[in-house]
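Read through the structure below, which is laid out as structure tokens, and then see the notes.
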Amino acid sequence: MTLSTQPYKGARDFYPEDKRLQKYMFGKLREVSERFGYQEIDAPILEPTELFLSKGNQEIIDEQTYTFTDRGGRSVTIRTEMTPTVSRMVAARRQELAYPVRWYDIPNLWRYERTQRGRLREFWQYNADIFGVEGVEADHEIVVLADQIMQSYGAKRDMYTICLSSRKMVDELFTQYLGLDNTQKDTLIRLVDRIKKLPYESFVAQADAILTPSQRDAGVLDKLLALLKVTKLQQLPADFASQPAVVRLQQLMAMLESSRVANAVFDISLMRGFDYYTDMVFEVFDTDPENNRAMFGGGRYDGLVGLFGVEPVPTVGFAMGDVTLQNFLESHELLPKLHSETDAYVVLVGDDMYEKAQPVLSELRRMGLNIAVDSTGRKLEKQIKTAVKQGIHYALFVGETELASGQFKLRNLAAGTEETHGLERIVSIAKDRRRAGDVPARAEDDEDGDLLG
RNA sequence: GCGGAGGUAGCUCAGCUGGUAGAGCGUCGGGUUGUGGUCCCGAAUGUCGCGGGUUCGAACCCCGUCCUUCGCCCCA
């Protein structure tokens with residue numbers, strides 16, 4: 001019986017090039033989040049199972065989580081999402097936090113699911129939440145943050161669409177305008193959530209099946225179908241235009257427009273599943289027809305913190321999975337060619353140079369460069385190939401001649417150019433390159449986009 | 001839970017209607033002593049996913065099983 005070299009089903013190994021890519025993606029997330037004043041948090045990967053039951057879905061716990069009993073007889077679950085944990089953390093310090101609280105996190109999560117494209121069992125998920133702001137300003141900030149993250153990867157506005165709606169508004173439309181009871185409303189929400197996946201006739205038939213005979217006679221189905229054709233808030237029934245939820249969404253759309261988020265659109269069919277959202281909801285879609293599914297989203301959920309027995313705290317947030325994000329960046333060719341964290345690979349020229357080169361290596365490292373040395377004594381060709389293969393930007397040649405003169409050849413492996421300098425100059429060249437960073441091939445200045453410059 | 005596709009050298013795969021394996025890339029070495037990504041020469045490497053069956057003989061046929069992958073269901 002030989003041991004398998006495969007990682008566990010649905011989980012990934014991160015070799016240096018994979019980890020480098022993850023660091024790039026997470027780096028942007030951290031950079032943009034912090035630019036908006038969000039602070040990073042983290043928490044245990046294990047939580048008491050009850051925490052994930054608060055949403056009331058026993059089925060999910062039974063079938064789609066890693067749940068086990070610890071040695072103390074407690075039922076624990078590997079986190080499947082971060083929101084309950086973040087809510088718990090806010091509730092724990094409900095009184096003492098300085099609001100508005102702006103937090104973000106990038107936890108690894110586990111879900112026991114059948115794997116498929118874009119969906120693994122272990123994945124990372126970025127979350128950003130703002131707590132303590134009832135006003136529409138928080139909704140605006142969260143959507144702008146999501147948008148700016150996309151911009152930071154070099155995404156163009158025609159590559160993604162930000163769809164917005166309001167759960168509260170939809171609830172009111174379905175109950176007050178269509179006259180459905182709560183059970184019918186919930187069923188219909190689930191159905192509308194899948195509308196883009198269903199043939200239209202099938203949708204109509206299933207919607208009709210929800211209605212009572214008297215509702216059918218009253219023409220509720222036609223009212224619903226007309227409602228779903230609405231693409232602008234102004235097209236909603238006139239007596240609904242002044243509803244607070246509608247006014248608020250209108251306000252949000254206007255604010256986004258003046259923030260130049262030109263790809264934000266109203267989408268009445270957007271439901272965002274069947275969960276804890278209480279008002280604004282949004283989802284970001286890839287416009288590429290090959291990958292026309294929701295990439296990520298979020299919304300306002302004012303009720304979660306209150307589940308911990310403290311006064312509720314208004315909250316807006318969103319979450320973004322690493323796998324879908326990576327798929328998006330790959331398909332739009334937005335990933336830069338990433339180089340090694342090692343600035344230079346020291347190629348030793350001549351025999352017995354390893355010891356003699358040590359002072360130079362120490363000096364370069366002391367001055368802040370990341371330096372790897374080839375200690376194999378192989379011919380130069382092999383040493384250089386190793387550096388190239390490891391994605392290191394520069395090769396630095398160290399031989400008797402260089403040690404004697406204090407002048408070293410620095411070879412730019414990507415460009416194939418070579419210059420000779422003293423150590424100080426070499427350090428500054430390498431640091432300049434490091435600062436310039438790795439830039440996506442397709443990222444150019446976006447006049448209407450990146451607020452961060 | 002359901003359905004499609006597939007598992008052959010490190011990787012991508014070929015292998016016609018059964019006669020115990022190949023290519024490209026990669027790896028390693030060399031093309032004489034201080035330079036890669038193009039060139040030339042040479043070398044190593046596989047229990048053909050696993051178990052069983054049919055057969056004189058199976059990578060190829062049959063059964064089972066495990067795994068990978070795509071989709072459905074679900075999706076916090």
Side-chain angles (χ1 to χ4, degrees), chain A residues 1-2 4-12 15 47 51-65 77-87 107 109-121 123 125 127 190 193-194 197-198 271-277 281 283 290-291 293-299 301 304 317-321 323-324 327 337 345-351 353 374 376-403 408-420:
Chain A
M1 185 78 181
T2 47
S4 170
T5 58
Q6 281 181 345
Y8 173 73
K9 183 180 178 65
R12 292 161 289 172
Y15 287 88
E47 289 281 5
L51 186 73
F52 298 106
L53 282 173
S54 62
K55 280 169 24 199
N57 201 338
Q58 183 66 47
E59 198 178 43
I60 282 176
I61 296 294
D62 289 343
E63 294 175 10
Q64 299 195 322
T65 66
T77 296
I78 301 179
R79 61 189 177 192
T80 59
E81 58 170 328
M82 194 61 173
T83 307
T85 299
V86 177
S87 301
L109 307 175
W110 287 82
R111 296 179 185 173
Y112 199 97
E113 298 187 284
R114 202 61 164 263
T115 58
Q116 54 181 279
R117 176 175 159 79
R119 213 163 76 178
L120 301 176
R121 287 181 170 180
F123 58 98
Q125 189 184 63
N127 295 266
R190 284 196 160 167
D193 195 35
R194 295 188 297 137
K197 291 182 173 181
L198 292 172
M271 295 297 161
R272 202 88 192 114
F274 200 56
D275 45 29
Y276 36 65
Y277 294 104
V281 288
E283 257 174 19
E290 293 289 297
N291 183 39
R293 58 164 97 175
M295 290 193 294
F296 67 93
Y301 53 104
L304 269 193
F318 75 101
M320 172 192 262
V323 185
T324 40
N327 287 346
K337 286 169 191 60
Y345 193 72
V346 170
V347 172
L348 296 178
V349 183
D351 297 329
M353 287 303 299
D374 194 300
T376 63
R378 292 173 301 174
K379 52 200 288 189
L380 302 195
E381 179 184 349
K382 303 296 177 191
Q383 299 191 45
I384 291 167
K385 274 185 172 174
T386 299
V388 170
K389 202 166 174 185
Q390 291 192 7
I392 298 172
H393 208 87
Y394 292 107
L396 183 68
F397 295 86
V398 176
E400 295 286 4
T401 323
E402 287 79 4
L403 289 179
F408 300 83
K409 275 192 218 166
L410 183 70
R411 184 175 180 83
N412 182 325
L413 294 170
T417 55
E418 209 166 87
E419 21 188 344
T420 303

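Keep in mind that what you see is a predicted model, and the values were worked out from it rather than measured. The sequence lines fix the lettering, A, B, ..., with proteins before strands; numbering per chain opens at 1.
- Rounded to whole Å, atom P of B:rU27 lies 4 Å from atom NZ of A:Lys389.
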Any protein N or O atoms within reach of nucleotides 65-72 of chain B? Criterion: under 3.5 Å, listing atom names and distances.
unit_1, atom_1, unit_2, atom_2, d
B:rU68, OP2, A:Lys9, NZ, 2.9
B:rG71, OP2, A:Arg117, N, 3.0

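- When the C1' atom is compared between B:rG3 and B:rU20, the two are found 36 Å apart, to the nearest whole Å.
- The side chain of A:Lys379 contributes an N or O atom lying less than 4.0 Å from OP1 or OP2 of B:rG31.
- Side-chain atoms of A:Glu418 never come within 3.5 Å of backbone atoms of A:Lys409 as a donor-acceptor pair (strictly under, hydrogens ignored).
- Summarising the base pairing, B:rG71 is matched to B:rC2 through a Watson-Crick or G-U wobble pair whose two defining distances lie under 3.5 Å.
- Shown here are the side-chain hydrogen bond (donor to acceptor under 3.5 Å, both in side chains) partners of A:Glu113, two or more places apart in sequence or in another chain: there are none.
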Which protein N or O atoms sit under 3.5 Å from an N or O of nucleotides 33-43 of chain B?
unit_1, atom_1, unit_2, atom_2, d
B:rG34, O6, A:Thr401, OG1, 2.2
B:rG34, N1, A:Glu402, OE1, 3.4
B:rG34, N1, A:Glu402, OE2, 2.9
B:rG34, N2, A:Glu402, OE2, 2.6
B:rU35, O2, A:Glu418, OE2, 3.2
B:rU35, N3, A:Glu418, OE1, 3.4
B:rU35, N3, A:Glu418, OE2, 2.9
B:rU35, O4, A:Lys409, NZ, 2.6
B:rU35, O4, A:Glu418, OE1, 3.1
B:rG36, N7, A:Arg411, NE, 3.3
B:rG36, N7, A:Arg411, NH2, 2.7
B:rG36, O6, A:Arg411, NE, 3.3
B:rG36, O6, A:Arg411, NH2, 2.9
B:rG36, N1, A:Leu413, O, 2.5
B:rG36, N2, A:Leu413, O, 3.1
B:rG37, N2, A:Ala414, O, 3.3

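- Straight-line distance between the P atoms of B:rG42 and B:rG71: roughly 45 Å, to the nearest whole Å.
- With sequence neighbours excluded, the residues forming a side-chain hydrogen bond (donor to acceptor under 3.5 Å, both in side chains) with A:Glu400 are A:Lys356, listed by chain and number.
- Regarding A:Leu51, its CG atom lies at a distance of 17 Å from the P atom of B:rA76, rounded to whole Å.
- Across B:rU54 and B:rU68, the matching P atoms stand 31 Å from one another, rounded to whole Å.
- Atom CZ in A:Phe123 sits about 11 Å away from atom P in B:rA76, given to the nearest Å.
- Using N1 to N3 plus N6-O4 or O6-N4 for Watson-Crick, or N1-O2 and O6-N3 for G-U wobble, each under 3.5 Å, B:rU35 pairs with nothing.
- Checking B:rU65 for Watson-Crick or G-U wobble geometry (two distances, each under 3.5 Å) identifies B:rG49 as its partner.
- Applying the side-chain hydrogen bond (donor to acceptor under 3.5 Å, both in side chains) criterion to A:Asp374, with sequence neighbours excluded, gives A:Tyr345, A:Thr376, A:Arg378.
- Base pairing annotation: B:rG29 forms a Watson-Crick or G-U wobble pair with B:rC41, both donor-acceptor distances under 3.5 Å.
- A:Tyr8 pairs by the side-chain hydrogen bond (donor to acceptor under 3.5 Å, both in side chains) definition with A:Tyr66, A:Arg121, not counting sequence neighbours.
- To the nearest whole angstrom, the two C1' atoms, one in B:rG37 and one in B:rC25, are 15 Å apart.
- Partners of A:Val388 by side-chain contact (heavy atoms from CB on, under 4.5 Å), not counting sequence neighbours, listed by chain and number: A:Ile384, A:Leu413.
- Contacts of A:Phe296 classified as ring pair (Phe, Tyr, Trp, His ring centres under 6.0 Å), with partners at least two apart in sequence or in another chain: A:Phe318.
- Between A:Asn327 and A:Gly118 the shortest heavy-atom distance is ND2-CA, 3.6 Å.
- A:Arg190 places its CZ atom 12 Å from the C1' atom of B:rA76, with the value rounded to the nearest Å.
- By the ring pair (Phe, Tyr, Trp, His ring centres under 6.0 Å) test, A:Tyr301 is found to be paired with A:Tyr276, residues two or more places apart in sequence or in another chain being considered.
- Between A:Phe296 atom CZ and B:rA76 atom C1' the separation is 16 Å, expressed in whole Å.
- B:rC28 atom P lies 6 Å from atom NZ of A:Lys382, rounded to whole Å.
- Under the Watson-Crick or G-U wobble criterion, with both distances below 3.5 Å, B:rU55 has no partner in any strand shown.
- Between B:rC48 and B:rC67, the distance separating the two C1' atoms is 16 Å to the nearest Å.
- Across all strands shown, B:rG24 is found opposite B:rC11 as a Watson-Crick or G-U wobble partner, with both distances under 3.5 Å.
- With respect to the salt-bridge test (charged N to carboxylate O, under 4.0 angstrom), the residues A:Arg272 and A:Glu283 qualify.
- Between the A:Thr85 side chain and the A:Glu81 main chain, no donor and acceptor come within less than 3.5 Å of each other.
- Rounded to whole angstrom, the span from the OH atom of A:Tyr15 across to the P atom of B:rG10 amounts to 14 Å.
- Spacing of C1' atoms, B:rA44 relative to B:rG10, comes out at 12 Å, to the nearest Å.
- If you take atom C1' in B:rU47 and the same atom in B:rG4, they sit 31 Å apart, rounded to whole Å.
- Atom name P, nucleotides B:rG57 and B:rU65: the rounded distance is 26 Å, in whole Å.
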